[in-house]
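To keep things clear, I will list the structure first and then write my remarks on it.
Order of the sequence lines sets the chain letters (A, B, ...), proteins ahead of strands, with each chain counted from 1. Side chains included, hydrogens not; waters and symmetry mates left out as well; all remaining heavy atoms used.
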2 protein chains.
Amino acid sequence: MTEQHEAPGGVSGRALQKDIPQATVARLATYLRVLAMLADDGVLIVSSEELAVAAGVNSAKLRKDLSFLGPNGVRGVGYDVVKLRTRIEDVLGLSGGHRVVLVGAGNLGRALVGYGGFKRRGFSVVGIFDSDPAVIGRTVAGHSVRDAAALHEAIIALDPTIAVITVPDEAAQDVCDRLVAAGVQSILSFAPSVLIAPPTVEIRRVDLAVEMQMLSFERTRNAEPEPLAEVAHAVSGRIARHVPTPHSSAAHPALKHSASHSATEPSSKGSAVTP
Amino acid sequence: MTEQHEAPGGVSGRALQKDIPQATVARLATYLRVLAMLADDGVLIVSSEELAVAAGVNSAKLRKDLSFLGPNGVRGVGYDVVKLRTRIEDVLGLSGGHRVVLVGAGNLGRALVGYGGFKRRGFSVVGIFDSDPAVIGRTVAGHSVRDAAALHEAIIALDPTIAVITVPDEAAQDVCDRLVAAGVQSILSFAPSVLIAPPTVEIRRVDLAVEMQMLSFERTRNAEPEPLAEVAHAVSGRIARHVPTPHSSAAHPALKHSASHSATEPSSKGSAVTP
DNA sequence: AACTGTGAAAACTTTCACAGCA
DNA sequence: TGCTGTGAAAGTTTTCACAGTT
């Protein structure tokens with residue numbers, strides 16, 4: 001690890017988001033959510049261990065992640081919740097806020113704009129588009145849905161920092177082309193197809209079925225320990241196998257996910273894109 | 001790499017999904033989608049290069065991924081589309097189909113059940129629950145929404161292989177506890193919080209805001225090459241920078257996404273949803 | 001000639017374990 | 001004493017490049 005983030009002199013504000021590992025960036029978003037929650041609860045200081053448990057990672061990883069942002073904590077004490085939160089927002093480029101345009105006002109599009117954490121995290125929707133006449137003109141989350149035919153001019157006027165595509169797969173590439181032609185540089189797509197665009201445009205793709213398939217794989221793998229034996233108790237899962245202790249939600253050390261989350265976290269694997 | 005997948009004798013059907021890298025599993029889902037598309041188009045044989053381009057990865061990675069499933073292609077020729085598709089479905093444990101229960105019939109939940117690729121990929125919804133009296137009894141995607149209060153008995157009767165949680169964050173842990181108590185072993189959650197459950201239960205979490213934050217980071221990083229210079233042309237992106245060639249969607253060598261994973265991929269992550 | 005399958009190298013990530021500071 | 005920050009080791013994933021097949 002190269003330590004460019006040492007900030008030797010009095011380097012101001014944020015800087016050097018260079019060489020922060022991709023995997024770390026994916027997790028920073030999660031830490032941010034936990035920090036926001038803690039701040040709401042009035043918590044002032046948090047230790048790496050506490051933060052790590054809440055984020056579902058181990059504390060060494062969390063400390064390593066944070067170390068890429070420069071020194072953030074106080075040894076023997078912990079991290080200042082507000083300060084750390086601000087620092088992460090700064091590094092992720094969230095401080096200035098983002099102007100988001102949504103193309104596709106179907107269920108998924110509406111689910112996204114309605115998602116509370118959205119606005120709270122600095123993303124404000126500035127325009128919603130659709131090509132369905134039955135939807136155009138309707139109000140969604142305070143915005144009148146506009147005709148996607150007028151995308152070009154509208155995009156230029158709205159000047160969004162991010163565009164989100166939630167249209168059917170067949171229409172996705174066309175929408176993408178038009179967004180790019182209008183100057184959009186960052187696109188998040190929920191269409192299954194891999195979209196093609198110039199390399200200067202950053203596209204991330206989220207495929208909601210991938211996670212289901214990974215669950216399927218995991219279950220299948222765990223269910224087949226003995227490839228040879230006929231498996232004695234072929235009970236067809238009608239009876240609840242485990243009646244888990246209704247744990248007290250807190251103080252639970254269960255850190256099982258090792259991240260591969262996709263759209264989740266380790267997602268270094270999960271979903272995604274980027275060369 | 002241990003070669004357990006050599007299948008020396010005449011090992012039947014699928015087997016040895018042991019030690020298939022997590023990152024590979026995440027991408028298999030994507031390959032599957034492309035293969036399904038090719039099959040629909042009547043394509044019989046595909047080369048690693050073609051498949052790789054369509055999936056947004058490079059061909060060496062694709063070949064390595066497939067090699068974990070055993071020999072699937074024919075040298076000098078390519079892969080048999082149907083055979084490869086079947087093999088991947090088999091390895092992912094999709095062949096037997098999955099019984100999916102959805103808890104939370106809001107926009108996101110409806111977007112998920114309405115997603116065509118869902119049923120097509122072997123996931124069939126067997127029950128939808130919600131706790132909102134205004135929603136209970138309504139029909140969503142052919143299913144009458146049931147009262148989440150009766151979750152326990154219903155789950156035992158439905159015996160789902162996967163449960164999907166799309167309720168508000170505050171309710172997620174409670175729903176999770178009840179699902180686990182009823183014997184559910186695989187859960188996909190869209191709630192931001194990290195859910196706590198016994199280690200035998202596989203939980204995957206998808207945070208839709210993470211991807212947006214990663215886009216934000218990438219844009220910020222690219223926008224700050226010169227930390228010192230005042231940046232000459234401070235044009236506020238009003239003019240379209242690139243007018244992309246309206247490419248012919250095929251024969252496009254653009255391989256930019258390398259899927260971290262991911263989850264992240266990253267995320268990275270495989271299919272999608274539509275309005 | 002075309003294309004797969006795969007060792008070996010390179011790159012990236014996670015985990016360990018401890019030095020260092022409040 | 002308690003907790004952060006971090007080199008170094010271990011583990012995972014990607015890329016290279018070529019041997020092997022049809």
Side-chain angles (χ1 to χ4, degrees), chain A residues 1-7 19-28 31 45-53 55-80 83-84 87 255 257-261 265-270 272 274-275, chain B residues 1-7 19-28 31 45-53 55-80 83-84 87 255 257-268:
Chain A
M1 269 115 227
T2 42
E3 277 80 54
Q4 247 129 306
H5 46 74
E6 272 313 311
D19 63 63
I20 294 179
Q22 187 94 174
T24 292
V25 174
R27 285 187 298 265
L28 287 177
Y31 303 155
I45 300 290
V46 68
S47 71
S48 61
E49 183 61 30
E50 296 167 321
L51 199 51
V53 169
V57 301
N58 80 34
S59 63
K61 193 191 285 181
L62 180 134
R63 286 199 303 279
K64 182 64 109 182
D65 283 342
L66 295 184
S67 78
F68 289 112
L69 316 189
N72 289 288
V74 180
R75 294 174 196 229
V77 180
Y79 300 94
D80 179 301
K83 205 172 126 208
L84 182 55
R87 179 81 184 112
L255 306 185
H257 324 292
S258 66
S260 73
H261 347 207
E265 38 165 334
S267 208
S268 227
K269 321 257 121 268
T274 316
Chain B
M1 263 122 229
T2 40
E3 275 80 55
Q4 248 130 308
H5 47 73
E6 271 313 309
D19 63 62
I20 294 180
Q22 187 96 171
T24 292
V25 174
R27 285 187 298 265
L28 287 178
Y31 304 155
I45 300 290
V46 67
S47 70
S48 61
E49 183 61 29
E50 295 166 321
L51 199 51
V53 169
V57 302
N58 81 34
S59 63
K61 192 189 284 182
L62 180 134
R63 286 200 302 281
K64 181 64 109 183
D65 283 343
L66 296 184
S67 78
F68 290 112
L69 317 189
N72 289 288
V74 180
R75 294 173 196 231
V77 181
Y79 300 93
D80 178 301
K83 206 173 124 208
L84 182 55
R87 180 79 184 113
L255 307 186
H257 325 291
S258 79
S260 66
H261 180 200
S262 206
T264 314
E265 234 223 346
S267 293
S268 6

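What you find for A:D19 and A:F68 is that their closest heavy atoms are O-CD2, 4.4 Å. Among all heavy-atom pairs drawn from A:V57 and A:R27, the shortest one is CG1-CD, 3.9 Å.
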Pair up each side-chain donor or acceptor in residues 69-80 of chain B with any protein partner under 3.5 Å, not counting sequence neighbours, and list the distances.
from	atom 1	to	atom 2	distance (Å)
B:N72	ND2	B:L66	O	3.2
B:N72	ND2	B:G70	O	2.7
B:D80	OD1	B:V82	N	3.0
B:D80	OD1	B:K83	N	2.9

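A straight line from NZ of B:K61 to P of D:dT13 spans 11 Å, rounded to a whole angstrom. Rounding to whole angstrom units, CD of residue B:E49 and P of C:dA2 are separated by 14 Å. Residue A:D80 contributes atom CG, which lies 13 Å from atom P of D:dT4 at whole-angstrom precision. B:L62 places its CG atom 14 Å from the P atom of C:dC3, with the value rounded to the nearest Å. For the pair B:L66 CG and D:dT14 C1', the interatomic distance rounds to 15 Å; values are reported in whole Å. The CZ-C1' distance, from A:F68 to C:dC12, rounds to 10 Å in whole Å. Look at CZ on A:R27: it is 15 Å from P on C:dC12, rounded to the nearest Å. Counting to the nearest Å, the P atom of C:dT14 and the CG atom of A:D65 are 7 Å from each other.
Comparing D:dT15, D:dG5, C:dT15 against the side chain of A:P71 picks out D:dG5 as the nearest. Taking the side chain of B:Y79 as heavy atoms from C-beta on, and the options D:dT14, C:dT4, C:dT13, the nearest nucleotide is C:dT4. Side chain of B:A23, nearest nucleotide from D:dT13, D:dT4, C:dT13: D:dT13.
An OP1 or OP2 oxygen of C:dC3 is reached within less than 4.0 angstrom by no side-chain nitrogen or oxygen of B:S48.
Expressed to the nearest 0.5 Å, how far CG of A:L62 lies from OH of A:Y31 amounts to 4.5 Å. To the nearest 0.5 Å, the span separating NZ on B:K61 from OG on B:S48 amounts to 14.0 Å. In this structure, CD1 in A:I45 is found 10.5 Å from CG in A:L84, a value given to the nearest 0.5 Å. From B:N58, atom CG reaches atom NZ of B:K64 across 12.0 Å, with rounding to the nearest 0.5 Å.
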key: Nucleotide-resolved protein contact map, nucleotides 16-22 of chain D, B/S/- at heavy-atom distance under 4.0 Å   = BB-BBBS
